[in-house]
Amino acid sequence: MDSRTPRTSRAPRVLRTPRTSRIRSKLASMPYNTRRAHSVCGERHGFRLGPRVRPAEADAFEAEHRVELPAAYRTFLTELGGSGAGPFHGLLPLEACRLYTMNPKPADGGPRGFTHAHHPDAPRGDLFLHVVERGCSDLCLVAVTGPLTGRVVTGNASGFLPPNVSSARDFLGWYERWLDHLADGRDDPALGLSSPATVAREPWRRSRPLAGHAEAPVAWAAGFSGP
């Protein structure tokens with residue numbers, strides 16, 4: 001079945017979970033944590049989220065693009081905020097999010113890139129929604145169809161970096177991991193974080209994320225090496 005066709009079995013529209021309360025509390029305390037890691041553009045968004053997305057707005061996006069937003073991501077938008085504080089350069093507002101498909105593996109064996117789903121030359125396949133701004137052609141996406149639905153995937157549109165699947169089971173888990181590593185002052189290039197010690201030693205890291213790094217891959221990511 002073409003992944004652009006809406007699914008007939010509907011997932012829960014909002015996850016009722018204590019994770020949203022934890023995330024809200026952790027985010028609110030972040031500006032006062034003097035030992036936190038440096039987060040790219042953290043000073044710009046001030047660790048604040050934009051207005052929440054109304055359920056009707058999420059419904060309209062789904063109808064327009066013929067997809068269902070993964071439950072954890074939709075929960076974040078409608079319960080916490082629709083833009084602002086997040087890894088790298090922050091969360092894109094829903095109206096700015098675009099759908100991508102993953103390109104076939106190049107003949108030379110290089111990494112796969114991504115193409116806008118509505119481009120005339122876009123390959124058919126599972127759909128990924130661009131949800132976090134990373135800069136240039138780097139992408140941070142949430143899978144919206146296929147076996148990775150709900151998982152966060154990073155990569156590069158031109159295939160300069162290999163696609164990587166976060167081990168977090170959904171968007172809420174991925175976002176909370178960012179907050180935890182941020183609060184602990186960790187170096188975590190996969191989430192755009194540099195520890196205070198690293199920044200003191202290499203102050204240029206304040207201005208841009210570390211490139212070319214990825215979280216430890218999960219087992220399914222091995223599928224990216226195939227045709």
Side-chain angles (χ1 to χ4, degrees), residues 15 17-50 70-73 75-77 79-92 128-136 138-143 148 150-156 161-221:
L15 295 177
T17 169
R19 290 189 291 168
T20 54
S21 296
R22 289 202 310 268
I23 287 171
R24 186 180 292 110
S25 177
K26 290 177 181 181
L27 184 61
S29 68
M30 204 59 65
Y32 309 102
N33 183 346
T34 58
R35 297 178 295 175
R36 70 174 186 264
H38 171 69
S39 179
V40 177
C41 289
E43 291 75 15
R44 186 175 69 184
H45 57 59
F47 300 104
R48 293 187 298 269
L49 291 168
Y73 177 62
T75 296
F76 189 100
L77 297 179
E79 299 290 310
L80 291 168
S83 62
F88 304 105
H89 296 282
L91 305 180
L92 289 166
F128 301 83
L129 187 66
H130 183 201
V131 296
V132 170
E133 180 58 53
R134 293 188 66 194
C136 299
D138 288 343
L139 299 170
C140 184
L141 315 108
V142 171
L148 287 178
R151 303 287 288 279
V152 174
V153 180
T154 55
N156 180 274
L161 299 172
N164 180 71
V165 184
S166 172
S167 57
R169 63 187 177 92
D170 59 22
F171 185 83
L172 288 171
W174 178 80
Y175 191 92
E176 189 168 13
R177 175 181 295 173
W178 171 69
L179 289 172
D180 289 342
H181 290 192
L182 182 65
D184 291 344
R186 296 192 192 184
D187 278 309
D188 192 339
L191 293 169
L193 298 176
S194 299
S195 70
T198 296
V199 171
R201 185 173 63 251
E202 303 171 12
W204 58 267
R205 295 194 187 276
R206 283 190 175 275
S207 61
R208 63 184 177 89
L210 299 171
H213 296 266
E215 293 178 273
V218 297
W220 199 94

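Everything quoted here is computed from the prediction, not taken from an experiment. Sequence positions, counted from 1, serve as the residue numbers for this chain.
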_Looking at Glu79, is its backbone amide N or carbonyl O close enough to the side chain of Arg24 to form a donor-acceptor pair, meaning the two atoms are under 3.5 Å apart?_
yes
With sequence neighbours left out, the residues meeting side-chain hydrogen bond (donor to acceptor under 3.5 Å, both in side chains) with Asn33 are none
Check your understanding: Taking C-beta and beyond as the side chain, do Leu91 and Tyr175 meet within less than 4.5 Å on heavy atoms?
Key -> yes
Original post:
Do any N or O atoms from the side chain of Ser25 and from the backbone of Ser21 form a donor-acceptor pair under 3.5 angstrom?
Top reply: no
Closest heavy-atom pair, Ala190 versus Phe88, reported as atoms and distance to 0.1 Å, is O-CZ, 3.2 Å
> If only atom types and distance count, is the side chain of Arg36 paired as donor or acceptor with the main-chain N or O of Met30 below 3.5 Å?
Replying inline: yes
One should read off an interatomic distance between Ile23 CD1 and Leu172 CG, to the nearest 0.5 angstrom, of 4.5 Å
*Main-chain N/O of Ala85 paired to Arg48 side chain as donor or acceptor, under 3.5 Å*: no
ask   = Do Leu191 and Arg186 have side chains that get closer than 4.5 Å, going by heavy atoms?
value = no
Check your understanding: Aromatic ring centroids of Phe128 and His130 under 6.0 Å?
Key -> no
- [ ] Measure from the side-chain N and O atoms of Arg151 to the backbone N and O of Ala168, and report whether any donor-acceptor pair falls under 3.5 Å.
- [x] yes
For the backbone of Gly150 and the side chain of Asp170, can you confirm whether one donor and one acceptor N or O come within less than 3.5 Å of each other?
no
Nearest heavy-atom contact between Gly185 and Pro196 is O-CD, 3.7 Å
In short, Val199 meets Ser194 closest at the heavy-atom pair CG2-CB, 3.8 Å
Closest heavy-atom pair, Pro31 versus Gly46, reported as atoms and distance to 0.1 Å, is CG-O, 4.2 Å
message = Once you measure the plane-to-plane angle for Phe171 and Trp174, does it fall in the parallel (<30°), tilted (30-60°) or perpendicular (>60°) bin?
response = tilted
CG of Asp184 to OG of Ser195, rounded to nearest 0.5 Å, is 11.5 Å
Exercise. Please lay out, stage by stage, how Val131 and Phe76 fare under the test side chain to side chain contact (heavy atoms under 4.5 Å, CB included).
Key: CA-CA 12 Å; Val131 296; Phe76 189 100; over 6 Å; no
Between the CG atom in Leu182 and the CZ atom in Arg35, the distance rounded to the nearest 0.5 Å is 12.5 Å
Note to self: Pair Leu27, Leu179 - check side chain to side chain contact (heavy atoms under 4.5 Å, CB included), show working.
What the structure shows: CA-CA 7 Å; Leu27 184 61; Leu179 289 172; 3.9 Å; yes
Next item on the list: Find out whether Cys140 and Val152 are in side-chain contact, i.e. whether some heavy atom of one side chain is under 4.5 Å from a heavy atom of the other.
Entry: yes
In short, Thr20 meets Leu80 closest at the heavy-atom pair O-CD2, 3.5 Å
To the nearest 0.5 Å, atom NE2 of His89 lies from atom CG of Asp138 at 9.0 Å
Residues at least two apart in sequence or cross-chain that pass salt bridge (charged side-chain N to carboxylate O under 4.0 Å, His left out) with Arg22, listed by chain then number, are Glu176
Here the gap from Arg19 atom CZ to Thr75 atom OG1, rounded to the nearest 0.5 Å, amounts to 8.5 Å
Heavy atoms of Val153 and Pro163 approach each other most closely as CG1-CB, 4.5 Å
So OG of Ser39 and CH2 of Trp178: to nearest 0.5 Å the spacing works out to 4.5 Å
